[in-house]
Amino acid sequence: MRLMRGGDRIPTRRVSPQAHELQIALVNNMPDAALEDTENQFLDLLTTAADGNPVGVELYSLPEIARGERAWQHMRGLYSDFRDLPNHRFDALIITGTEPRHSDLRKEAYWKTLVGLLDWAECNTASTILSCLAAHASVLHSDRVERRRLSDKKFGVFDEEKASGHSLMAGTPEVVRIPHSRWNELREEDLVSAGYVILAKSREAGVGLFAKQKRTSLFVYVQGHPEYRAETLLKEYRRDVRRFLRRERETYPSMPYQYFCAPAAKMLVDFQERAMLDPSEGILATFPDAVIAQTLRNGWHKTGASLYRNWLHYLSKRTAASMKCSVMAATRGQIRQNQSA
């Protein structure tokens with residue numbers, strides 16, 4: 001796979017010059033605390049899914065996302081200027097979510113830029129993957145499907161049942177386990193009535209994966225996070241605990257569903273009891289994340305790689321068909337030119 005840094009391609013694996021290299025733009029909008037982790041999660045997943053086939057990834061971020069100095073230092077030279085994105089040819093986009101500041105996404109500072117990108121992607125890519133909040137923004141923009149606020153954070157690892165024979169689901173088991181981390185949901189009945197195809201859903205977490213064909217692009221929507229690493233939910237849980245201790249949230253966070261083993265859960269219950277007696281940020285020094293991280297297992301990476309492998313195969317077929325049409329059109333044009341000469 002090739003990672004393109006600031007417009008200059010840096011080869012990370014030798015590729016065949018005869019093969020077409022798929023070009024993907026990864027628009028990483030996650031907050032500073034998760035920026036680098038998210039970037040690495042998607043790159044690792046794409047590397048696994050590519051199976052050594054040539055794939056180029058260029059990094060971008062919406063310019064309106066607030067960044068601190070450390071994040072800017074990381075992004076400098078690694079992320080390309082977002083203003084240049086529409087001037088390049090990409091086979092596909094991946095657009096991540098971010099933490100919302102408003103209940104109405106249309107009030108977000110980046111809304112105009114994001115919907116402009118979505119409109120561009122409909123006509124200029126073969127497919128676009130929209131993760132979490134980006135999925136919510138897309139269906140709101142194109143079909144006015146409103147997301148619904150949940151009473152508690154949908155947080156943990158959930159069993160999702162295959163709901164379609166779509167090619168993106170080829171080779172996946174009938175039930176897959178996918179992490180989720182969100183305060184809002186898109187409901188199945190709203191999506192189906194707007195013409196979306198449900199690919200996977202969960203009794204506990206609702207719709208996980210769905211799709212809709214746009215003008216030239218297949219839009220794929222993911223409410224879960226198959227890209228997560230084994231420890232990602234633990235890091236998010238610790239951040240939520242810190243927010244409680246800082247009085248940034250009123251209630252102590254619930255533990256992620258079906259994620260911790262019994263001994264790890266017991267350690268976290270013990271920590272919660274101590275934290276409730278002494279709700280200060282200093283107690284975080286005793287949070288047992290290092291010990292618990294050793295007990296975690298990534299039970300969804302294989303499924304995530306399968307989904308993205310199917311997606312890359314779809315892109316390859318679409319790209320090959322497009323290139324064939326271009327060659328045929330050029331040949332017909334040359335024949336007409338020779339005949340008129």
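Numbers here are sequence positions counted from 1.
Tyr228 and His225 have parallel rings, their planes meeting at less than 30° on a 0 to 90° scale where 60° marks the start of perpendicular.
Side-chain atoms of Lys214 and Ser142 form a donor-acceptor pair, as typed in the model, at a separation below 3.5 Å. A donor atom on one side chain and an acceptor atom on the other are found under 3.5 Å apart for His74 and Glu39. When only modelled atom types and interatomic distance are considered, Thr125 and Ser217 share a side-chain donor-acceptor pair under 3.5 Å. Donor-acceptor pairing under 3.5 Å is recorded for the side chains of His141 and Asp119. Inspection of the Asp289 and Tyr237 side chains reveals no N or O donor paired with an N or O acceptor under 3.5 Å.
Considering all non-hydrogen atoms of both residues, Phe287 and Leu268 come closest at CZ-CD2, 3.6 Å. Of all non-hydrogen atoms in Arg182 and Cys132, the two that sit nearest each other are CB-SG, 4.1 Å.
When each of Leu191, Val197, Asp143 is paired with Lys212, the side chain to side chain contact (heavy atoms under 4.5 Å, CB included) condition holds for Asp143 and for no other. Checking each of Arg148, Arg144, Arg147 against Asp190 for a salt bridge (Lys or Arg N to Asp or Glu O under 4.0 Å) leaves exactly one that passes, namely Arg148.
From Ser61, atom OG reaches atom CG of Leu26 across 9.5 Å, with rounding to the nearest 0.5 Å. Atom CG of Asn29 and atom OH of Tyr110 lie 8.0 Å apart (nearest 0.5 Å). Within the model, atoms CZ of Phe219 and CD1 of Ile129 stand 11.5 Å from one another, a figure rounded to the nearest 0.5 Å. In this structure, Trp111 CH2 and Asp104 CG are separated by 8.0 Å, a value rounded to the nearest 0.5 Å. From Arg177, atom CZ reaches atom CG of Asn298 across 10.5 Å, with rounding to the nearest 0.5 Å. Atom OG1 of Thr48 is separated from atom NZ of Lys302 by 13.0 Å, given to the nearest 0.5 angstrom.
Enclosure of atom NZ in Lys201 is not indicated, since only 12 or fewer non-hydrogen atoms of other residues, nucleotides or ligands lie within 6.0 angstrom.
No side-chain heavy atom of Leu59 sits less than 4.5 Å from a side-chain heavy atom of Asn28. The closest side-chain heavy-atom distance from Tyr196 to Leu186 is not below 4.5 Å. Side-chain contact between Glu174 and Glu161: absent, with no pair of heavy atoms (C-beta onward) separated by less than 4.5 Å.
No salt bridge links Asp278 with Arg274; every basic N to acidic carboxylate O contact stays at or beyond 4.0 Å. Salt bridge annotation for Asp91-Arg89: present, with a cationic side-chain nitrogen under 4.0 angstrom from a carboxylate oxygen. The pair Glu36-Arg229 fails the salt-bridge criterion, with no side-chain N (NZ, NE, NH1 or NH2) lying under 4.0 Å from an Asp/Glu carboxylate O. Ionic pairing of Arg70 and Asp32 is not present here: no N-O contact between side-chain nitrogen and carboxylate oxygen is shorter than 4.0 angstrom.
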Step-by-step salt bridge (charged side-chain N to carboxylate O under 4.0 Å, His left out) determination, Arg243 to Glu99: CA-CA 14 Å; Arg243 287 170 177 166; Glu99 287 193 0; 2.9 Å; yes

Test salt bridge (charged side-chain N to carboxylate O under 4.0 Å, His left out) on Glu146 and Arg106 and set out the steps. CA-CA 11 Å; Glu146 299 273 358; Arg106 289 163 292 203; 3.1 Å; yes

Kindly indicate, with the supporting measurements, whether the criterion side chain to side chain contact (heavy atoms under 4.5 Å, CB included) is fulfilled by Tyr259 and Phe155. CA-CA 9 Å; Tyr259 179 58; Phe155 190 43; over 6 Å; no

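Remark: Phe158 pairs with His180, Tyr257 by the ring-ring contact (aromatic ring centres under 6.0 Å, His included) rule, at least two apart or across chains.
Side-chain heavy atoms closer than 4.5 Å link hydrophobic residues (I, L, V, M, F, W, Y) into clusters, and following such links, possibly through other members, connects Ile94 to Leu35.
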